[in-house]
Structure formats: C-alpha cells, structure tokens
S.K.: 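For reference, the structure I am asking about is given below.
Bear in mind that the values here come from a model prediction, so they are computed numbers and not experimental data.
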Amino acid sequence: MIIQPGIAKVKFGVSREDVTLEDHPLNPKPDSQWNTYFKDNEVLLQIDKDVRRLCPDFSFFLNPTDYPCHLIMDLENEYETLRKRVEQTTLKSRTVARNRSGVTNVSSPLKSSASNSLGDYDPLPNGSEAHWEVVERILFIYAKLNPGIAYVQGMNEIVGPIYYTFATNPNSDWKEHAEADTFFCFTNLMAEIRDNFIKSLDDSQCGITSKMESVYSTLKEEDEELYLKLQEQNIKPQFFAFRWLTLLLSQEFVLPDVIRIWDSLFADEKRFDFLLMVSCAMLILIRNQLLEGDFTINMRLLQDYPLPNGDVLPILKKAKELQDSK
C-alpha cells in the first residue's frame with residue numbers, strides 16, 4: 001500500500017510489472033495504479049505536515065524508534081520511505097487541507113507555539129526512522145483502507161497518545177509491536193468516533209453539532225447562571241467544544257494529562273457520554289472566571305483552558321458527579 005509501483009523485488013515474492021504499455025506514470029485512467037499513487041500523495045502531504053508537529057511540547061516523536069520497519073528501511077530493497085516520497089513530490093499540501101475546525105482553529109495555543117517546519121528536523125542515520133514516521137505510516141494506511149473518510153486533520157492528535165502509550169511500555173515484548181497495536185486500537189476507536197470527522201453528518205443525530213448542544217443543555221441543567229452568561233455573550237459551543245469533542249480533549253492538555261483523561265473515558269461504558277460530562281465539568285470549574293470575564297477574555301479561557309491547580313483529577317471527579325446525578 002505504501003511503496004511506489006514497480007519497485008517490488010522478486011526475492012520477497014511480490015514481483016510486479018507495473019510499468020507497462022497499459023499502465024505507466026502518465027496513465028490518466030482512474031483504475032491506474034500510478035494514478036492512484038499520485039492522488040495518494042495529496043493525502044500523504046497533509047498527514048506529513050500534521051505528524052511532524054505532533055506534541056511539540058516534548059521531543060518523543062522526533063526520536064528514533066527502536067523498532068523501525070526493516071523491510072522498508074533496508075537500502076538494498078530500494079523501497080521509498082514515506083518521508084522520501086514527501087520530499088520528492090512537488091504537490092502543494094494547501095490544496096488538500098481538509099480541516100474540520102469550522103469557525104475555530106483545530107490547533108490550540110497550547111500546541112501551536114512550537115510548530116515546526118520540514119526543515120527543522122535533523123536527519124536520522126540510514127536505517128532509522130522517527131516515531132512520527134511510524135505514526136505517519138499508520139495514518140496513511142488507515143486512509144488507504146478507509147477511502148470514504150481517508151484522512152482528516154486532527155486524526156493525528158487521536159493516534160498520538162495511543163502510539164505513545166504502546167511505544168513507551170517498559171515491557172519490550174509489548175513495545176516491539178507498538179505500530180501494529182496502535183493501528184488496531186486507532187481503527188477501533190475511529191469506528192466509534194468517525195462521525196465527528198464527516199462534515200455531511202454534522203447536523204444529524206449522530207453528528208458533532210448534536211453533541212455540542214448536549215454540552216450546553218447539561219450546563220443549563222447544572223449551572224443556569226453560567227449558561228445564561230455564555231448565551232448573553234453569544235459564545236456558542238462551536239467556538240470551543242468542537243475541538244474538545246472531536247479531538248477527545250487531546251489538544252487542551254499536555255500528553256500525560258490527556259492519557260489520564262482517556263483512561264477514565266475509555267473505562268466508562270458510555271465513554272462519549274462521559275466526554276460530554278467532562279466538557280461540562282471543565283466549564284463549571286472555571287465558572288467564576290467566566291462570570292467575571294467579557295467575550296474576549298472568556299474566549300481566551302475556553303480556547304486555552306486554564307487547568308485548575310494543574311491537575312485534571314478535579315475535572316474527572318466533577319464529571320463523575322454530573323454523570324451520577326443524571
């Protein structure tokens with residue numbers, strides 16, 4: 001799925017004659033493998049752009065993995081890595097920036113301050129690949145297997161914490177299979193939340209708009225004063241809850257806190273109902289600041305959430321209280 005047509009080797013039992021009179025790099029037919037290859041490059045460029053700036057507040061994803069894909073990295077195989085494929089293409093990623101952010105940026109101030117460009121990375125030695133390259137391969141293959149949704153900006157923020165958890169496991173038997181395990185878990189998680197990434201479903205019963213409205217309806221029940229204040233200032237849930245819910249709060253907190261929240265989220269039988277409770281709890285815990293602030297101050301609070309006492313546990317505790325009261 002990831003190698004350039006025509007480069008497979010006989011000794012691996014996957015020899016293919018892809019450069020033929022019928023199919024070649026200039027073949028415009030929709031069923032051409034080469035045509036598919038060049039279209040895939042558009043998706044790959046967006047994935048590459050996003051995974052290179054994954055969790056910029058620490059260096060883990062820039063470091064080499066202990067378990068690179070040797071089949072691809074072996075120079076004798078003449079396979080083209082996805083990184084090399086990106087470097088060689090002349091397509092512009094701006095043509096494929098499928099952004100699900102609506103009226104707000106999909107990246108938060110917390111994560112965007114240390115964004116990097118392609119040129120900011122020191123090249124790794126031959127045979128090595130960085131953790132972000134593993135994540136890139138996971139997302140690219142997911143896009144190939146799921147053409148209906150393919151890749152949408154923000155999926156990188158979903159797969160990042162999953163991969164980090166597996167790739168830092170102290171048990172090397174688990175760590176060795178981090179890429180495969182991450183792909184399995186990410187695919188299963190996306191099966192549950194993929195509707196959030198499909199724009200045509202936004203206004204359906206299972207779409208993201210309904211979930212954002214649920215946050216405000218719960219807030220109205222639990223703290224009507226705060227709800228009315230936000231309504232008075234015309235602060236719509238789309239301005240902040242879109243990112244909270246779509247990315248499972250992965251951009252609101254540092255990675256260890258995200259993993260702690262996800263532990264509670266995934267342990268709950270109604271995990272995405274619980275996500276609504278967590279979002280409502282986040283509003284209630286900063287109610288005094290929101291009640292005192294004007295529109296500009298409150299938007300800043302909600303776009304760059306001030307974690308009370310630097311601990312996510314009060315948020316989870318409050319969310320559980322809200323859940324139990326229903």
S.K.: Can you see whether N196 engages K211 through a side-chain donor-acceptor pair at a distance of less than 3.5 angstrom?
M.R.: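 A pair is found: one side chain offers a donor N or O, the other an acceptor, under 3.5 Å apart.
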S.K.: State whether the number of non-hydrogen atoms from other residues, nucleotides or ligands found under 6.0 Å of K236 atom NZ is greater than 12.
M.R.: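 Open.
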S.K.: Answer with yes or no whether the side chains of Q233 and N298 bring together a donor and an acceptor at under 3.5 Å.
M.R.: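 Distance-only check passes for N298 and Q233.
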S.K.: In terms of heavy-atom contacts, does NZ of K144 have more than 12 from other residues, nucleotides or ligands at under 6.0 Å?
M.R.: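 Result for NZ/K144: enclosed.
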S.K.: Assigning hydrophobic clusters by single linkage (Ile, Leu, Val, Met, Phe, Trp, Tyr; side-chain heavy-atom cutoff under 4.5 Å), is L230 placed with L228?
M.R.: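 Yes: a chain of side-chain contacts under 4.5 Å links L230 to L228.
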S.K.: What's the spacing between D304 CG and Q251 CD if we round to 0.5 Å?
M.R.: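 Atom-to-atom, D304:CG and Q251:CD are 11.0 Å apart.
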S.K.: For the backbone of V312 and the side chain of D257, can you confirm whether one donor and one acceptor N or O come within less than 3.5 Å of each other?
M.R.: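 No: the side chain of D257 does not pair with the backbone of V312.
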S.K.: Give a yes or no answer on whether the side chain of D311 reaches the backbone of L313 with a donor-acceptor pair at less than 3.5 Å.
M.R.: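 Yes, because the side chain of D311 sits within donor-acceptor range (under 3.5 Å) of the backbone of L313.
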S.K.: Between T246 and R243 (side chain of the first, backbone of the second, donor and acceptor by atom type, cut-off under 3.5 Å), is there such a pair?
M.R.: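 Judged by distance alone, no pair lies under 3.5 Å.
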S.K.: First locate atom CD1 of I284, then atom OG of S279, and finally report the distance between them rounded to the nearest 0.5 Å.
M.R.: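 Output value for this atom pair is 11.0 Å.
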S.K.: Would you call V215 and L245 a side-chain contact if the rule is heavy atoms closer than 4.5 Å?
M.R.: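 The answer is yes; the side chains approach within 4.5 Å.
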S.K.: Do you see a donor-acceptor pair shorter than 3.5 Å between the side chains of R260 and S264?
M.R.: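 Result is yes, a qualifying pair exists.
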S.K.: As a quick check of understanding, evaluate ring-ring contact (aromatic ring centres under 6.0 Å, His included) for F58 and Y164, giving each step before the final call.
M.R.: CA-CA 12 Å; F58 75 135; Y164 175 81; 5.7 Å; yes
S.K.: How long is the gap from NE2 on H131 to CD on E136, to the nearest 0.5 Å?
M.R.: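 Reported to 0.5 Å precision, the distance equals 14.5 Å.
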S.K.: Are F186 and F166 close enough that their ring centres sit under 6.0 Å apart?
M.R.: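 No.
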S.K.: Could you tell me whether N188 atom CG has more than 12 heavy atoms of other residues or ligands within 6.0 Å of it?
M.R.: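 Atom CG in N188 is packed in, count exceeds 12.
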S.K.: Could you tell me whether the side chain of N146 and the main chain of I149 form a donor-acceptor pair under 3.5 Å?
M.R.: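 No, the answer is negative, given that no donor and acceptor are paired below the 3.5 Å cut-off.
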S.K.: Between atom NZ of K320 and atom CG of L316, what is the distance when rounded to the nearest 0.5 Å?
M.R.: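 Answer for the NZ-CG pair, K320 versus L316, is 11.0 Å.
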S.K.: Keeping E129 on the side-chain end and V134 on the backbone end, is there a donor-acceptor pair under 3.5 Å?
M.R.: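 Flag not set: sc E129 to bb V134 has no pair under 3.5 Å.
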S.K.: How far does CD of E252 sit from CG of L307, to the nearest 0.5 angstrom?
M.R.: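 Rounded to the nearest 0.5 Å, the CD-CG separation comes to 11.0 Å.
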S.K.: Can you get from F253 to F272 by hopping between Ile, Leu, Val, Met, Phe, Trp and Tyr side chains that sit under 4.5 Å apart?
M.R.: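 Shared cluster, yes.
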S.K.: Using a 3.5 Å distance criterion without hydrogens, assess whether the side chain of N156 forms a donor-acceptor pair with backbone atoms of G154.
M.R.: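 Looks like yes, one N/O pair under 3.5 Å.
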S.K.: Would you kindly say whether Q46 and K49 are connected by a side-chain donor-acceptor distance under 3.5 Å?
M.R.: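 Looking only at side-chain atoms, K49 and Q46 do not form any donor-acceptor pair under 3.5 Å.
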S.K.: Kindly say whether A130 contributes a backbone atom to a donor-acceptor pair with the side chain of E133 at under 3.5 angstrom?
M.R.: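 Yes; judged by distance alone, with no hydrogens or angles, the pair exists.
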S.K.: Do the side chain of W132 and the main chain of D48 share a donor and acceptor less than 3.5 angstrom apart?
M.R.: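 No; judged by distance alone, with no hydrogens or angles, the pair does not exist.
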S.K.: Scan side-chain atoms only and decide if D50 and Y151 contain a donor-acceptor pair under the 3.5 Å cut-off.
M.R.: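 Present: a donor and an acceptor within the cut-off.
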